[in-house]
Each structure stands twice: as C-alpha cells, then as structure tokens.
Amino acid sequence: MSTRIAFLKGHGTENDFVIVPDPENAVDLPPAAVAALCDRRAGLGGDGLLHVVRSAAHPEARDMAAEAEWFMDYRNGDGSVAEMCGNGVRVFARYLQRAGHATEGDLAVATRGGVKRVHIAKGASDGGSAAGDITVGMGRALLPEGDVEVGVGERSWPARNVNMGNPHAVAFVADLDHAGDLYTPPSHAPAGAYPDGVNVEFVVDRGPGHVAMRVHERGSGETRSCGTGACAVAVAAARRDGADPAVTGAPATYTVDVPGGTLVITERPDGEIEMTGPAVIVAEGEFDSAWLEGVRA
C-alpha cells in the first residue's frame with residue numbers, strides 16, 4: 001500500500017533543495033531515489049536533498065545527538081552523499097523554524113562535517129522572503145599545501161586548495177565567462193589532489209572586499225550558489241590580499257556575489273568562519289511512496 005510522503009522546496013540564494021522531513025529516519029532514500037526527486041523534469045527539482053532526521057535516529061549522527069537534536073542528512077542532486085552544504089544548512093534551519101522545531105536565536109545542526117552553529121535573525125517566521133537572514137558557523141578552513149591547477153577547454157589557471165569540510169579549488173580569473181558552461185566538471189591537476197572530486201570556484205574582483213563567483217559543484221554541476229564555496233573564496237581572496245586574521249588579529253569580511261544573490265563571509269581571528277545570507281521556503285506538498293518504489297525497482 002502506498003503512502004503519502006511530505007516534502008518542501010526551499011532555496012538559499014537560489015541554491016535549491018528538496019526537503020524531506022523524516023524525524024525517525026523511516027524513509028528509504030537510496031541514490032536513485034534522491035536523483036529522481038531532484039530531477040528538474042521528471043521529479044521535484046533541486047540542486048540537492050535535505051533529509052531532516054533526529055540525530056538520535058541516524059547511525060551517522062547518534063554521537064552528536066547530545067549537542068544537536070537534528071541531523072542534516074545531505075545528498076547531492078545525483079544522489080551521492082556530501083559532507084556539508086552551507087546554503088543547505090541555512091535552508092535546513094529555516095525549515096526547523098517553520099515547523100516549530102526552532103525559534104529565532106541560536107541553534108545547533110549536526111552534519112557529516114560536524115556540528116554547525118546557526119543563528120536565526122529576527123524577522124517573519126513563516127520562511128518567506130521577509131524572514132530574517134541566517135548566520136552559520138562554518139568552522140575553520142584548511143589550506144592544504146601543494147600547487148593545484150584547474151582548466152576549462154584550452155584555458156587553465158592556478159588555484160588555491162581550500163577545504164571547508166569538503167574540497168574546493170578557487171581560481172581567480174579575468175572574466176567569469178571564461179569558466180564556460182560548467183555543465184561538465186573542470187579539469188584539475190594533479191589528479192591525486194582531490195581523490196573524491198572537487199568543487200571549483202571561478203572568481204573575479206568587484207571592489208575592495210567584494211568578489212563575484214561561479215561554481216561547479218561536484219555531483220550537481222553549476223549551481224546558483226554554494227555556501228562552502230563562498231567561504232572558500234573569501235579565505236582564498238583574503239590570503240591573496242595579504243590578510244590572515246590569525247596573524248593580524250582583525251576579522252576579514254568579504255561580500256561574495258553569486259548568481260543567485262549575495263552572501264557575507266567573515267573569517268575571525270580564531271579561524272572560525274561565519275556565513276550570513278537568506279533562506280526561503282517556497283512550497284510544500286506530498287508525493288506518493290509508490291513513485292519512489294518504482295524508482296528503486
């Protein structure tokens with residue numbers, strides 16, 4: 001017998017997600033089912049899927065349950081599992097607020113990249129465009145040593161290797177159009193630098209402390225925004241500009257324009273990075289579990 005499964009759609013600077021509330025981890029979501037749900041023609045459509053589960057109910061999050069009640073079981077649009085998604089955390093928090101599981105103020109969210117600290121600013125609580133911005137503590141950036149390079153077609157650029165709990169290669173370019181269509185992953189070298197694939201950001205300057213970017217997210221292609229990518233870009237830009245908050249004792253803040261909007265990234269002297277931006281719930285509904293069973297078959 002088929003059942004109805006609830007879902008919502010939301011986005012953070014137009015990085016959009018299918019949201020599946022499943023507190024007790026009862027909905028089976030294999031990669032093929034996730035990919036089908038995220039399909040923009042035959043499914044609901046999204047860059048990724050936010051599976052909302054109580055930490056105590058998920059084997060990957062039980063050790064975080066005392067610190068964070070809710071686990072963001074995040075999947076890329078192709079169904080693959082990912083460590084973290086910065087825009088996804090904001091949308092996840094907005095859903096928790098809308099559902100009455102969280103209120104304005106501070107919140108902890110468990111992810112595969114660790115527990116993330118979230119602050120929901122005061123504003124409308126219905127998850128719409130009037131809702132307050134959400135700030136996410138994104139952790140510290142790691143800057144692996146070694147030169148890397150990325151390429152599109154005949155062009156190639158040196159890139160900064162930045163890890164935000166997931167891998168990024170940040171390349172500063174003269175024109176964002178040089179990134180091409182980003183339907184396929186840009187090349188990278190050396191091959192062993194990113195054994196599990198990499199998110200690639202192409203960046204241009206807009207002014208002091210202000211950059212713009214395009215991104216190819218592994219498993220999703222080009223997206224309208226990438227939160228961890230914006231953080232990686234801000235860190236790479238700061239180092240390029242000679243700013244290291246751990247050395248200067250002063251925070252470094254960059255405005256990062258993405259195709260879907262604007263994010264503000266601050267790296268503090270203790271190394272912690274904060275990302276602030278909008279998160280909006282745009283729709284909710286149900287789909288038939290029989291449809292998912294057909295996908296699994």
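Starting from 1, each residue takes its place in the sequence as its number. Values below: all heavy atoms of this structure, side chains included; hydrogens, waters and symmetry mates excluded.
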Test your reading of the model: is there a side-chain donor-acceptor pair from [X] to the backbone of [Y], 3.5 Å cut-off?
{"X": "R112", "Y": "G165", "value": "no"}
{"X": "R94", "Y": "A279", "value": "yes"}
{"X": "S156", "Y": "G151", "value": "no"}
{"X": "N15", "Y": "R224", "value": "no"}
{"X": "D22", "Y": "V27", "value": "yes"}

With D133, which residues qualify under side-chain hydrogen bond (donor to acceptor under 3.5 Å, both in side chains), at least two apart?
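Listed in chain order: nothing, the list is empty.
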If we only count heavy atoms from C-beta on, is the [X] to [Y] side-chain gap below 4.5 Å?
{"X": "V264", "Y": "M275", "result": "no"}
{"X": "N87", "Y": "T13", "result": "yes"}
{"X": "E267", "Y": "R239", "result": "yes"}
{"X": "V258", "Y": "M213", "result": "yes"}
{"X": "D257", "Y": "V211", "result": "no"}
{"X": "V170", "Y": "E201", "result": "yes"}
{"X": "M164", "Y": "H168", "result": "yes"}

Step-by-step side-chain hydrogen bond (donor to acceptor under 3.5 Å, both in side chains) determination, D78 to S80:
CA-CA 6 Å; D78 65 355; S80 59; 2.6 Å; yes
Test of understanding: with salt bridge (Lys or Arg N to Asp or Glu O under 4.0 Å), list the residues that count as partners of D241, not counting sequence neighbours.
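Result, salt bridge (Lys or Arg N to Asp or Glu O under 4.0 Å) vs D241: none returned.
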Holding to salt bridge (Lys or Arg N to Asp or Glu O under 4.0 Å), I want the full list of residues that pass it with E145, two or more places apart in sequence or in another chain.
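Per chain and number, E145 pairs via salt bridge (Lys or Arg N to Asp or Glu O under 4.0 Å) with no residue.
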Tell me, which pairs form a ring pair (Phe, Tyr, Trp, His ring centres under 6.0 Å) where one or both residues lie in residues 20-61, sequence neighbours left out?
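For residues 20-61, and leaving out neighbouring residues, the ring pair (Phe, Tyr, Trp, His ring centres under 6.0 Å) pairs sorted by first residue read H58-F71.
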I'd like to know whether N166 forms a side-chain hydrogen bond (donor to acceptor under 3.5 Å, both in side chains) with T228, so could you lay out the CA-CA distance, the side-chain angles of the two residues, the decisive distance to 0.1 Å, and finally the verdict.
CA-CA 8 Å; N166 56 358; T228 56; 3.2 Å; yes
Side chains of T135 and E274: any donor to acceptor distance under 3.5 Å?
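Not at all, the side chains of E274 and T135 share no donor-acceptor pair under 3.5 Å.
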Between [X] and [Y], does at least one N-O distance fall below 4.0 Å, as a salt bridge requires?
{"X": "R214", "Y": "E222", "result": "yes"}
{"X": "D288", "Y": "R4", "result": "yes"}
{"X": "R41", "Y": "D39", "result": "no"}

Should side-chain heavy atoms under 4.5 Å link Ile, Leu, Val, Met, Phe, Trp and Tyr, which residues sit in the same cluster as V200?
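When side chains under 4.5 Å apart are linked, the cluster holding V200 also contains V148, V150, V152, W157, V173, L176, L182, Y194, V198, F202, V204.
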ring-ring contact (aromatic ring centres under 6.0 Å, His included) involving H101 - partner list, sequence neighbours excluded
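Expected list: W70.
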